[in-house]
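Down below is the structure, laid out as structure tokens.
As a basis for the values below, the full set of heavy atoms in this structure was taken, side chains included, without hydrogen atoms, waters or symmetry mates. Computed from a predicted structure; not experimentally measured. Residue numbering restarts at 1 for every chain, and letters A, B, ... go by the order of the sequence lines.
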Amino acid sequence: MASRKEAPSGKSLDSPVRQIQIEGLVRPHHQALQGSEVVQGVLLGLVVEDRLEITNCFPFPQHTEDDADFDEVQYQMEMMRSLRHVNIDHLHVGWYQSTFYGSFVSRALLDSQFSYQHAIEESVVLIYDPIKTAQGSLCLKAYRLTPKLMEICREKDFSADGLKKASVGYENMFEEVPIVIKNSHLINVLLWELEDKSTAADKHELLNLSSSTHLEKSLQMLMDRVDEMSQDIVKYNNYCRSLSKQQQQKHQYIQRRQQENAQRQSRGEPPLPEEDLSKMFKPPQPPPRMDTLLIASQLSTYCQTIKEFTSQNLGKLFMAEALQGTSSYS
Amino acid sequence: MSRFFATGSDSESEESSSADEITPKATGTTFNKNKEAFTTNLILCCPLRFRFEELTNIIKTIRNAMKIRDMSKCLEEFEQLYRAFLKSKTIVDKEGVPQFYIRLLADLEDYLNQLWEDKEGKKKMNKNNAKALSTLRQKIRKYNKDFETEIASYKEVLNSSTNVISLCRCQDEESESDDDEDSEDWGSDSVDSGGESEDNEGAAASLAVVFLKKYKDGRRKRHKKIEQVEEEVDEDGEAEEGGWEKVKGGVPLVKEKPKMFAKGTEINSAVVIKKLTEILQARGKKGTDRAAQIELLHALSGISNENNLGQGILVKIKFNIIASLYDYNTNLAAFMKPEMWKKCLECIDELLDILFENNNIFIGENIAEDSENLAISDQPFRVRGCILTLVERMDEEFTKIMQNTDPHSQEYVDNLKDEGRVCGIIDRLLQYLESKGSTEEVCRIYLRRIMHTYYKFDYKAHRQLLPWVTGPFSEQDQEESEGEDSAIIMDRLCKFIYAKDRTDRIRTCAILCHIYHHALHSRWYQARDLMLMSHLQDNIQHADPPVQILYNRTMVQLGICAFRQGMIKDAHNALLDIQSSGRAKELLGQGLLMRNMQERNAEQEKIEKRRQVPFHMHINLELLECVYLVSAMLLEIPYMAAHEFDARRRMISKQFHHQLRVGERQPLLGPPESMREHVVAASKAMKMGDWRTCHSFIINEKMNSKVWDLFPETQCVREMLVRKIQEESLRTYLFTYSSVYDSISMETLSEMFELELPTVHSIISKMIINEELMASLDQPTQTVVMHRTEPTSLQNMALQLAEKLGGLVENNERVFDLKQGVYGGYFNRGTRTRP
């Protein structure tokens with residue numbers, strides 16, 4: 001396990017960072033907090049050619065309500081200064097966040113990643129799922145906003161038209177950056193040793209068949225998002241309807257006006273003064289599309305995780321069936 | 001002008017009192033001066049007097065306001081005075097500015113200046129007053145400039161007045177004799193000619209402002225004279241009335257009993273009747289002393305009694321006394337004072353006595369005034385009047401008194417003791433009308449009787465129904481049980497009304513009361529059948545609010561009755577309407593909800609207040625809510641357990657769910673305190689199938705004292721509840737945990753829930769038949785074998801998700817349609833790809 005390479009995505013990424021190399025040392029330190037709380041932290045490292053090397057990280061302190069005036073920026077600066085003293089890379093290259101069952105796509109994530117990417121072009125967000133990792137499969141993903149989305153965020157134009165013009169769909173909001181984990185030789189040695197020592201029973205976890213709780217949770221969350229999506233669509237529907245209704249009214253009004261003017265002209269009277277049509281017909285407020293996009297994106301993430309999970313489970317089930325079949329034959 | 005003509009003498013007495021008030025302010029010297037001024041005015045024409053009178057009236061109020069330092073009132077009146085003065089400009093031009101006017105202006109200015117200087121006092125004044133003070137001060141300063149010379153001369157006189165006190169004394173003596181002459185003149189005048197006498201009297205009125213302390217003596221003399229005059233003109237009706245009015249006005253001062261008839265008049269029925277009409281004519285007029293009128297009527301009845309004028313007249317007078325007792329409060333919202341109320345009860349009692357003793361008196365509303373026969377003769381008496389209306393009014397007054405008494409005071413208890421008397425009167429009238437009245441009247445009085453009976457729990461009948469309670473009867477008990485059973489009375493009265501009544505309202509009320517009474521005494525089936533037969537539920541929304549309140553009360557009582565009988569579903573349905581709105585208090589007429597004034601103005605509030613049910617008829621709201629929540633719990637918890645994965649689950653009771661949510665939102669769950677918390681805690685226990693905990697939450701000492709002890713048959717209710725809890729817990733348990741079991745022995749279940757085996761068997765069979773539980777019964781081993789046909793929770797979720805996705809697609813389609821402009825465009829798009 002000198003360096004495990006995640007399957008590099010086929011599409012070429014048109015961003016300064018094409019690959020992320022993570023030091024094995026870099027592990028979010030919050031395993032203890034496997035509760036429902038989301039933890040966040042800062043990633044440190046440096047850019048080498050088209051590769052972003054993340055070499056260290058530290059968590060944001062957990063907020064409690066009684067230290068509301070805690071200065072986070074101050075803390076980060078202090079921390080980075082201290083790290084520089086011990087000769088550790090102190091370049092701020094992104095942030096990480098824990099997630100449960102893949103629910104991380106939110107407005108907050110978008111906003112903070114935008115500000116990171118705005119300030120430091122190379123920065124990424126690492127999404128880490130402690131529960132899944134505990135179950136035996138490392139779940140670590142790096143995301144960046146696509147340049148298109150960056151453009152939109154910069155202009156703050158989240159209307160339907162703006163999104164359409166930029167041709168941003170839920171598929172191309174975030175780009176996933178392939179991750180390579182690189183460990184020091186010492187750690188590799190340790191891992192080899194551990195693998196030798198570990199018994200087969202320790203690996204049973206991977207074969208656990210009872211997966212329904214995980215699946216139920218995912219389904220539950222998927223359902224919630226679907227509900228939200230439905231609501232958004234209904235809202236959009238209403239908007240479209242009222243818009244078209246108003247258009248009709250406006251059209252009728254203009255026609256009437258023209259007729260009247262024509263009559264007046266034939267009688268030799270001066271035409272009616274022009275009125276501000278936009279004032280008379282205020283267009284209805286279009287519902288923000290960004291939220292819907294985010295929900296769609298989240299939905300696709302859920303679907304992805306469920307798909308992965310079920311395919312793994314199916315594999316296990318087939319395996320179990322085969323095993324049972326052989327045992328019954330013998 | 002006509003106003004003064006009609007009550008000319010009255011205004012005179014008013015004037016005299018005003019003179020009394022002003023007396024301490026006026027000084028001797030001004031009197032001297034003014035007298036001269038006014039003696040010249042004596043023969044002035046009427047408009048002058050009228051105007052001046054108006055002015056003096058206003059001045060009087062200003063002076064009063066000054067006394068109590070009410071500046072805003074002062075300002076208001078001053079503006080009026082100013083206007084009035086302008087109106088009388090022509091006269092003033094002719095006659096010069098009247099002295100009293102100047103005097104007021106001067107006094108007022110002094111007074112205001114004095115107030116203005118008094119910084120302390122100004123600070124204490126409220127905002128309105130302080131504002132009025134400054135405006136008034138400015139106004140008067142400006143205004144007084146026009147009268148500078150007059151005021152100056154007045155003040156001069158005022159200053160010199162101290163020197164001439166002794167002088168004034170002797171002048172007072174003089175004035176006294178003067179006054180005597182004056183009044184003598186007046187007395188003879190009034191006999192001679194109306195017009196002149198009025199003039200004279202008016203002059204006296206203006207003089208009254210001037211005359212000082214000695215005036216009273218003069219007045220007393222005058223009274224004597226009036227009496228003399230009265231005797232002379234006794235035959236003349238008009239004069240007599242006038243005379244009568246005067247005496248009345250004098251009552252508080254002279255302290256002598258009002259004289260009804262002149263001495264020596266032969267008192268016969270004609271005279272008394274005439275007197276009665278006179279008194280009655282004053283009724284409703286402004287300025288009539290209502291208390292004195294009642295006194296007079298009493299006196300008149302005494303006189304007629306003394307002179308043996310016959311029962312007819314007595315009845316007639318009694319009618320009028322009661323009517324004027326009711327009249328005493330002009331305001332509809334105000335209630336009778338206790339002494340008035342006592343008097344009223346006594347009067348009605350006496351009236352009934354007379355009616356019972358004398359069989360030959362006919363009373364009725366339709367007897368015309370002129371066809372009355374009041375004199376003693378061979379013919380039976382005929383008297384106009386309706387005793388039923390009077391008694392009904394009395395009943396309403398009683399309700400009003402009860403509404404307006406604080407229900408937690410001893411006073412309320414004292415007032416409630418009168419209920420017996422009210423019932424007694426109604427009973428007596430009922431007997432009377434049964435023999436004499438028309439069916440309509442009988443219906444009305446029956447309804448009254450019913451209204452006083454339906455809400456009372458008949459403990460006596462209840463005791464008889466429970467043979468095991470009968471211990472040694474005390475004597476009191478036996479006495480009590482001799483009375484008629486209220487159920488029988490209700491039955492008799494209501495049936496009569498059903499048969500004979502032609503107005504819909506009385507019948508509706510009677511039915512509702514009947515149902516209420518049935519329900520109160522746990523005769524559930526009769527009550528329910530009556531409710532269903534009457535079809536009241538369909539059209540009650542068209543009834544007037546009091547009937548609707550009665551309907552609500554009845555429904556609630558019906559629901560509680562069903563609960564006591566263990567018919568949980570019926571109880572829930574009956575109470576649903578009242579409880580779901582959250583306005584039970586208002587719907588039952590037991591109090592107003594706190595609402596902001598936009599929704600309800602003061603007028604509406606008054607109306608609503610009048611509809612309130614007196615406290616002793618209230619239905620305990622906590623009991624009501626508890627019964628509702630417990631029955632909702634017994635229905636809802638098994639239902640929730642059965643339909644846990646149902647996407648389109650409907651709630652049986654929103655209110656109950658609300659309570660559950662409130663309970664869940666609590667950050668820290670302590671032991672339950674209130675009734676609601678108890679029910680919520682019990683529901684949670686029941687959800688787990690833990691009937692013992694549930695039982696201990698529902699039935700414990702706290703809940704006993706709060707709710708269950710309020711039922712007459714507490715023990716039965718509690719037993720019923722325990723059984724229901726056991727049964728429903730069993731059902732919930734089976735719903736919730738059936739997926740865990742492959743099979744379960746019925747014996748175990750019966751042990752777990754402490755139910756007999758047959759009961760468990762029947763419950764499970766019922767569940768299987770209703771396809772609520774996928775299982776079958778294995779007879780030989782007495783076990784329930786579960787079947788695995790139902791979808792697992794994961795499958796359920798997937799189904800729900802599919803349903804939701806279906807909805808999503810449908811909505812999406814609509815958006816697409818809108819874009820395409822064709823309905824069904826999504827399906828007809830053919831080869832086109834989606835954008």
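In this structure, CE on A:M229 lies 15.0 Å from NZ on B:K804, to the nearest 0.5 angstrom. Going from atom CG of B:L801 over to atom OG of A:S218 covers 11.5 Å, rounded to the nearest 0.5 Å. To the nearest 0.5 Å, atoms CG (A:D227) and CD (B:Q800) are separated by 9.5 Å.
Within a 6.0 Å sphere centred on CZ of A:R257, heavy atoms belonging to other residues, nucleotides or ligands number more than 12. Enclosure of atom CE in B:M688 is not indicated, since only 12 or fewer non-hydrogen atoms of other residues, nucleotides or ligands lie within 6.0 angstrom. More than 12 heavy atoms of other residues, nucleotides or ligands shown are found within 6.0 angstrom of CD on B:Q541. Atom CD of A:Q246 has more than 12 neighbouring heavy atoms from other residues, nucleotides or ligands inside a 6.0 Å radius.
The minimum heavy-atom distance between A:S230 and B:L808, with the atom names listed, is OG-CD1, 3.4 Å. When every heavy atom of A:M223 is checked against every heavy atom of B:M797, the shortest pair comes out as CE-SD, 3.7 Å.
Residue A:Q231: no heavy atom, backbone or side chain, is found under 4.5 Å from chain B.
Residue with the most contacts toward chain B among A:L219, A:N237, A:V226: A:N237 (heavy-atom pairs, distance under 4.5 Å).
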